[in-house]
Amino acid sequence: MAFHPPSNALSIKTFEHPKSSKTMLDLKLIRENAAEVEKALARRNGQFSVAELVKVDQRFRDLQTQWELLNQRTNEISELFKTGKADKSQIEQLRAESKELKGKREEIEKEKVALEEELDSLRLGIPNLPHDSVPDGKDETGNVEIKTWGKIPAISNPKHHWELGTELDVFDFERGVKIAESRFTVLMEMGAKMERALMNFMLDLHSKRGYREVFPPILVNRDCLIGTGQLPKFGEDLYKCAEDDLFLVPTAEVPVTNLYRDEILEEEQLTINHCAYTPNFRREAGAAGKDTRGYIRQHQFNKVELVKFCVPEKSFDELEALTLDAEAILEALELPYRRALLCAGDMGFTSQKTFDIEVWFPAQDKYREISSCSNFGDYQARRANLRYRPADGGKPRFLHTLNGSGLAIGRTLAAILENYQQTDGSVKIPKALQPYLGGLTELRPKKDSVKV
RNA sequence: GGAGAGGUGGCUGAGUGGUCGAAAGCGGCUUCCUGCUAAGAAGUUGUACGGUCAAAAGCUGUACCGAGGGUUCGAAUCCCUCCCUCUCCGCCA
C-alpha cells in the first residue's frame with residue numbers, strides 16, 4: 001500500500017477565507033471554481049454535482065438585484081415624504097407608485113423564497129471536499145494503511161467476544177432484545193462494571209492529556225444536526241422524539257461541536273479540546289444483516305468522543321494529535337491496532353480527511369474500526385456558524401473542527417475479551433484497567449453459579 | 001402547568017413611526033502623552049450580499065434591532081402569530 005503525502009494541487013487552502021455563513025462550502029468558491037469543485041466531489045462515492053446549484057444561485061442573485069432596485073426606489077419615495085420635498089400634487093402619485101412597487105416586490109419575493117429553499121437544500125446536500133492528501137478509491141479497499149501497532153496475540157481457536165461474554169456473564173443478548181428489540185444488549189454484572197471502568201479510564205486519560213471534559217444533553221434539536229451534517233440527508237439513521245422535534249444523539253460530536261454554535265470565540269481560546277462521554281443511538285438503517293451477532297453494532301452504544309476547535313492553519317496538525325490521543329487508549333490497554341487513511345470514496349459526508357483506527361479481533365481474524373478521526377475543515381463551522389476573532393482584531397473567521405472517537409467503549413470491551421482470552425475460557429484484565437475494577441485481574445466463569 | 005417581565009451591535013444597555021445601523025458605557029483597534037509593567041487624552045470600531053476598481057482602500061446600493069406575517073408612502077418603534085429567555089408560584093429526581 002502506498003502512502004500518499006499531502007500534495008498541493010487544488011489548494012483547499014483557498015477555502016480558508018469564507019465570506020458567507022450558512023453554506024457548507026463557500027458559495028463564492030463554488031461559483032468561481034465550479035469545475036474544480038466538481039472534480040473534487042467526483043472522487044467521492046455517490047453523485048454530487050454543483051451545476052444545478054450554480055444555475056439556481058445565478059437566478060437567485062438576479063432576482064436579488066431586481067428586488068434591491070425596487071427597494072431603492074421605495075426608499076427614495078419615502079425620503080421625499082420625510083424631507084417634505086414632495087409636491088402636494090405628487091403625493092397621491094407617489095403613494096400609488098410605492099404601492100405598485102410593493103406589489104412587484106411581493107411577486108419577486110415569492111420566487112426568491114422558493115429559490116432560496118432550493119438553494120439551501122442543494123447546498124446542504126453537497127458534501128465536503130476531500131483534501132488533496134486523501135487517496136482516490138471507491139470503498140474501503142482503497143484505504144491506505146498508515147501504521148500498525150502491537151503484537152497480534154497467538155491464540156489457537158480464538159472464541160468470539162459474544163461467546164466469551166455470554167459465558168462470563170458479561171452480555172445478556174436475549175434479554176436485551178426482550179426489553180427493547182434486536183441490537184440492544186444488557187450488560188450484566190462484570191460487563192456493566194467493565195463498561196463503566198472503560199468510560200472512566202478513557203475520560204481520565206484524555207483529561208490528563210488536555211481535553212476538557214463535558215457531559216452534554218443527549219437529546220438535541222434540529223439545528224445541531226444540521227450543524228454537524230447529519231441532517232438533512234441522513235435523518236433515517238436517527239432516533240427522533242417527534243413530539244418535541246428532538247433527536248437522540250448518534251454521537252457526542254453533535255452536541256459538543258454545537259457547544260459554540262453562533263458564537264464568536266477569541267483566537268487566544270483556541271485550540272479548544274473537549275472530551276465527552278455519551279450514549280449514542282443509531283437506527284443502523286443501512287446495516288441490515290451486518291454484524292448481527294455480538295456487541296459490535298448496537299442501536300445504543302457508549303462512546304467517549306474527542307472534539308477540537310482550532311484555527312484553520314493548524315487543523316491538520318491537530319488531526320495528527322487527535323489521532324495519536326485516540327491511539328493512546330489502545331496502547332495503554334495494549335490492544336493491537338492499525339491506522340488507515342480513508343480514501344475519498346469511503347469518507348464520511350462532512351469530512352475533509354479521515355483516519356480510521358482499527359483494533360484487532362482475533363476470532364474474526366481482522367481489524368475492525370474502533371475510532372474515526374476526522375478533520376472537517378470549515379465545513380461544520382459554516383453550517384454551525386462557529387467563528388473566532390483573529391488576534392490581530394480582524395473580521396471573524398470560520399474556525400476548523402475535528403473529532404474522533406476516543407474510543408467506542410463497547411467495541412473496546414469486545415476487543416479486550418477477544419485479545420485477552422485464555423485457553424481456559426477466562427479473560428485477563430488489561431493492567432491499565434485494573435485500578436478501575438478494584439484491582440481485579442481476570443474474569444473467570446463461575447462454574448457453580450446458577451444463571452439468574 | 002399557572003402568573004408576570006423581556007428578547008437591540010463582541011458585551012452591558014438607551015431608543016418619541018421618518019433625523020436610527022441605531023445613544024451611552026465596556027471591550028477592541030490607532031495615535032498622542034507620561035520614564036516605567038498603570039493611568040490619561042483624541043479618534044476609530046457590526047454583519048452579509050451586490051456595484052464601482054486590475055486589486056486593495058475608498059465610495060456606493062440593499063438587507064439585518066428573536067422569527068414570521070400585517071398596518072403605513074415609510075416600522076427597532078404600532079398590531080397579530082410563533083419561538084426563546086428570565087422572575088415568582090406549583091410539581092418533581
Side-chain angles (χ1 to χ4, degrees), chain A residues 14-15 17-32 53-54 56-120 122-123 215 217-224 226-227 241-246 258-270 272 309 311 378 381-399:
Chain A
T14 47
F15 305 146
H17 301 285
K19 294 259 166 77
S20 66
S21 61
K22 301 215 169 170
T23 64
M24 20 55 65
L25 294 178
D26 187 358
L27 249 187
K28 202 169 211 168
L29 178 106
I30 295 177
R31 274 204 290 274
E32 289 164 9
L53 179 68
V54 170
V56 175
D57 174 54
Q58 185 56 51
R59 174 71 185 142
F60 176 78
R61 291 166 69 217
D62 290 347
L63 282 177
Q64 180 72 22
T65 306
Q66 287 178 36
W67 182 79
E68 285 184 2
L69 287 172
L70 293 173
N71 263 328
Q72 192 174 348
R73 178 59 188 154
T74 304
N75 289 342
E76 280 168 20
I77 291 174
S78 67
E79 188 71 16
L80 291 176
F81 275 87
K82 188 165 72 181
T83 55
K85 274 186 191 162
D87 262 281
K88 276 182 188 160
S89 60
Q90 288 182 312
I91 283 183
E92 280 318 306
Q93 197 192 326
L94 288 172
R95 283 212 169 111
E97 185 184 349
S98 189
K99 292 233 178 200
E100 192 190 331
L101 287 169
K102 187 179 182 184
K104 283 186 189 166
R105 246 189 355 244
E106 277 168 358
E107 257 177 60
I108 290 178
E109 272 162 17
K110 254 173 103 180
E111 194 183 348
K112 245 180 69 176
V113 167
L115 280 178
E116 195 159 25
E117 272 172 27
E118 197 183 343
L119 205 53
D120 278 348
L122 285 170
R123 274 185 206 161
F215 188 62
I218 292 158
L219 286 172
V220 295
N221 59 36
R222 192 171 284 277
D223 287 343
C224 288
I226 289 172
C241 304
E243 287 205 8
D244 305 288
D245 206 30
L246 291 170
N258 278 280
L259 266 179
Y260 308 109
R261 172 154 48 88
D262 294 321
E263 291 186 29
I264 299 176
L265 304 171
E266 296 300 327
E267 179 167 352
E268 291 76 21
Q269 295 174 263
L270 305 175
I272 294 175
F309 303 83
V311 297
D378 64 15
R382 285 172 186 284
R383 294 174 73 119
N385 196 23
L386 296 163
R387 295 178 295 167
Y388 74 97
R389 194 174 291 281
D392 65 16
K395 288 190 178 185
R397 300 170 71 198
F398 290 113
L399 44 76

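Chain letters run A, B, ... following the sequence lines, proteins first and then strands; every chain starts at 1.
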Checklist entry - Within the structure, does a side-chain N or O atom of N71(A) lie under 4.0 Å from either OP1 or OP2 of G61(B)? => result no
Checklist entry - What integer distance in Å separates I30(A):CD1 from C49(B):C1'? => result 16 Å
Checklist entry - Rounding to the closest angstrom, what is the interatomic distance between C79(B) and A22(B) at atom P? => result 26 Å
Checklist entry - Can you tell me if CD on Q93(A) sees more than 12 non-hydrogen neighbours from other groups inside 6.0 Å? => result no
Item to check | Given G10(B), U72(B), U62(B), the nucleotide with the shortest approach to the side chain of W67(A) | outcome: U62(B)
Next on the checklist: Under a 3.5 Å cut-off for both contacts, is G68(B) paired Watson-Crick or G-U wobble with anything, and if yes, with which nucleotide?
Outcome noted: C80(B)
Item to check | Earlier contact from the 5' end, RNA chain B, for R105(A) and E266(A) | outcome: E266(A)
Checklist entry - With a non-hydrogen cut-off below 4.0 angstrom, is R31(A) in contact with a base, only sugar-phosphate, or nothing? => result sugar-phosphate
Item to check | Gap between atoms CZ and C1', on R382(A) and A48(B) respectively (whole Å) | outcome: 13 Å
Next on the checklist: Considering every strand and a 4.0 Å limit on heavy-atom distances, what is the contact class for K102(A): base, sugar-phosphate, or nothing?
Outcome noted: base
Item to check | Check: L94(A) main-chain N/O paired with S98(A) side-chain donor or acceptor under 3.5 Å | outcome: no
Checklist outcome for this item: With the side chain defined as heavy atoms from C-beta on, E106(A) is closest, among G10(B), G70(B), C49(B), to G70(B)
Checklist outcome for this item: Assert: residue with more 5' nearest nucleotide on RNA chain B, out of R95(A) and L69(A), is L69(A)
Checklist outcome for this item: Any strand, both distances under 3.5 Å, Watson-Crick or G-U wobble: U34(B) pairs with none
Checklist entry - Between E267(A) and R397(A), is there a side-chain N and carboxylate O pair less than 4.0 Å apart? => result no
Item to check | For U85(B), the Watson-Crick or wobble counterpart (both distances under 3.5 Å) | outcome: A5(B)
Checklist outcome for this item: The nucleotide from U62(B), U47(B), G74(B) with an atom nearest the side chain of P396(A) is U47(B)
Item to check | Distance, rounded to the nearest Å, where I77(A) contributes CD1 and U62(B) contributes P | outcome: 13 Å
Checklist entry - What is the pairing partner of G10(B), taking Watson-Crick or G-U wobble pairs with both distances under 3.5 Å in any strand? => result C26(B)
Checklist entry - Taking atom C1' of C49(B) as reference, at what distance in whole Å does atom NZ of K112(A) sit? => result 10 Å
Next on the checklist: Suppose you measure atom P in A14(B) against the same atom in C78(B); what distance do you get, rounded to whole Å?
Outcome noted: 16 Å
Next on the checklist: Which residue is it: R73(A), K102(A), K104(A)? I am looking for the one with a salt bridge (Lys or Arg N to Asp or Glu O under 4.0 Å) to E97(A).
Outcome noted: R73(A)
Checklist outcome for this item: Among G50(B), G61(B), G74(B), the one nearest any side-chain atom of E68(A) is G61(B)
Next on the checklist: Classify S98(A) by what it touches in the nucleic acid, base, sugar-phosphate, or nothing, heavy-atom distance under 4.0 Å.
Outcome noted: sugar-phosphate
Item to check | d(CD, E97(A); C1', U72(B)) in whole Å | outcome: 16 Å
Item to check | Side-chain N or O of R61(A) closer than 4.0 Å to phosphate OP1/OP2 of G50(B) | outcome: yes
Next on the checklist: Using the side-chain heavy atoms of T74(A), tell me which of these nucleotides is nearest: G50(B), G10(B), G74(B).
Outcome noted: G74(B)
Next on the checklist: Distance check, P atoms only: G66(B) and G15(B), in whole angstrom units.
Outcome noted: 15 Å
Checklist entry - Between D62(A) and Q66(A), do the side chains contain an N or O donor and an N or O acceptor separated by less than 3.5 Å? => result no
Item to check | Phosphate OP1/OP2 of A63(B) contacted by N75(A) side-chain N/O (<4.0 Å) | outcome: yes
Checklist entry - How long is the line joining CD of E79(A) and P of C20(B), in whole Å? => result 11 Å
Next on the checklist: Going by purine N1 to pyrimidine N3 plus the second Watson-Crick contact, or the G-U wobble pair, all under 3.5 Å, which nucleotide sits opposite U62(B)?
Outcome noted: A48(B)
Next on the checklist: Output the rounded distance in Å from CG (D262(A)) to P (G10(B)).
Outcome noted: 12 Å
